[in-house]
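All values below were derived from every heavy atom in this structure, side-chain atoms included, with hydrogens, water molecules and symmetry-related copies excluded. Remember, it's a predicted structure, so these values are computed and weren't measured experimentally.
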Amino acid sequence: MKLTEQQLWLIAALCVLVLIWICVHNSKHVTAARLRKRIRSGRFIHYTDFEENWRTEADDGTKTGYKYNDFSGCYVIMIFEKKVHFGRFKNYDNIYIGQSVNVCQRVHNHFSGKGKGDVYADIKYGMEAYVRIIPCKVKKLNDMEKKLIDAFHATNSYNKTKGGAKLTKK
């Protein structure tokens, strides 16, 4: 069977489209893998350390705790059955990702029972919680949160949505 020139062009175009789709698809996975690696290699704070430093004061009376040094950002809370050693933040049992213009206050709420109930319940029943806070400009919070939720497949855990809060006007 001999193919016409038009059929050859059609097959070539189809091959190009398939290659573009593969590149785009793989690019998304590579980007997510890089983001996961960057987050896992950063500084995680155990929930007890975070809470211990929630409200602190220096010798000169300067207030220094997380409460007094808040900023906008996203956070990744990972839950483990046992304490993490040697920075191995890969095999978590559950994960919760969020954002806030007052990110430290929001994390504190989760750890003290005024936020995501699942996170607080895990802590209450002996699980180990760690948080990684990612400073972020307010206008980029939604995008960063969505990327983190997607990269960590957090909707398979404690996140019920794909992220991106809607700002309410008062």
Any side-chain to backbone donor/acceptor pair from [X] onto [Y]? Under 3.5 Å, distance only.
X: Asn69; Y: Thr64; result: yes
X: Arg55; Y: Gly65; result: no
X: Ser72; Y: Val101; result: no

task = Specify whether Tyr75 and His110 have parallel, tilted or perpendicular ring planes, treating 30° as the upper limit for parallel and 60° as the lower limit for perpendicular.
result =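 Ring orientation of Tyr75 relative to His110: tilted.
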task = Could you label the plane-to-plane angle of the Phe111 and Phe50 rings as parallel, tilted or perpendicular, counting under 30° as parallel and over 60° as perpendicular?
result =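 Because their plane-to-plane angle is over 60°, the rings of Phe111 and Phe50 count as perpendicular.
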Any chain of hydrophobic side-chain contacts (each under 4.5 Å) joining [X] to [Y]?
X: Phe44; Y: Met127; result: no
X: Ile79; Y: Tyr92; result: no
X: Ile77; Y: Leu35; result: no
X: Val131; Y: Met144; result: no
X: Val84; Y: Phe152; result: yes

task = Answer yes or no: are there more than 12 heavy-atom neighbours, outside Asp60 itself, under 6.0 Å from its atom CG?
result =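 Enclosed: over 12 neighbouring heavy atoms sit under 6.0 Å from CG of Asp60.
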inquiry  = Counting neighbours of NZ on Lys160 that are heavy atoms of other residues, nucleotides or ligands and sit closer than 6.0 Å, is the number greater than 12?
reply    = yes
Considering all heavy atoms of both residues, which atom of [X] and which atom of [Y] are nearest to each other, and what is their separation?
X: Tyr47; Y: Glu128; value: CE2-OE1, 4.3 Å
X: Leu3; Y: Ile11; value: CD1-CD1, 3.8 Å
X: Cys104; Y: Phe71; value: SG-CE2, 3.8 Å
X: Gln99; Y: Leu141; value: OE1-CB, 2.9 Å
X: Ser41; Y: Arg38; value: OG-O, 3.1 Å
X: His46; Y: Thr48; value: ND1-OG1, 2.7 Å

Working to the nearest 0.5 Å, report the span between [atom1] of [X] and [atom2] of [Y].
X: Tyr66; Y: Glu51; atom1: OH; atom2: CD; answer: 10.0 Å
X: Asn94; Y: Glu81; atom1: CG; atom2: CD; answer: 11.0 Å
X: Asn102; Y: Lys67; atom1: CG; atom2: NZ; answer: 10.5 Å
X: Met78; Y: Arg132; atom1: CE; atom2: CZ; answer: 10.0 Å
X: Lys162; Y: Thr155; atom1: NZ; atom2: OG1; answer: 7.0 Å
X: Asp70; Y: Ser100; atom1: CG; atom2: OG; answer: 7.0 Å

Student check: side-chain heavy atoms of [X] and [Y] closer than 4.5 Å:
X: Asp122; Y: Tyr96; answer: no
X: Val76; Y: Tyr130; answer: no
X: Ile45; Y: Asn53; answer: no

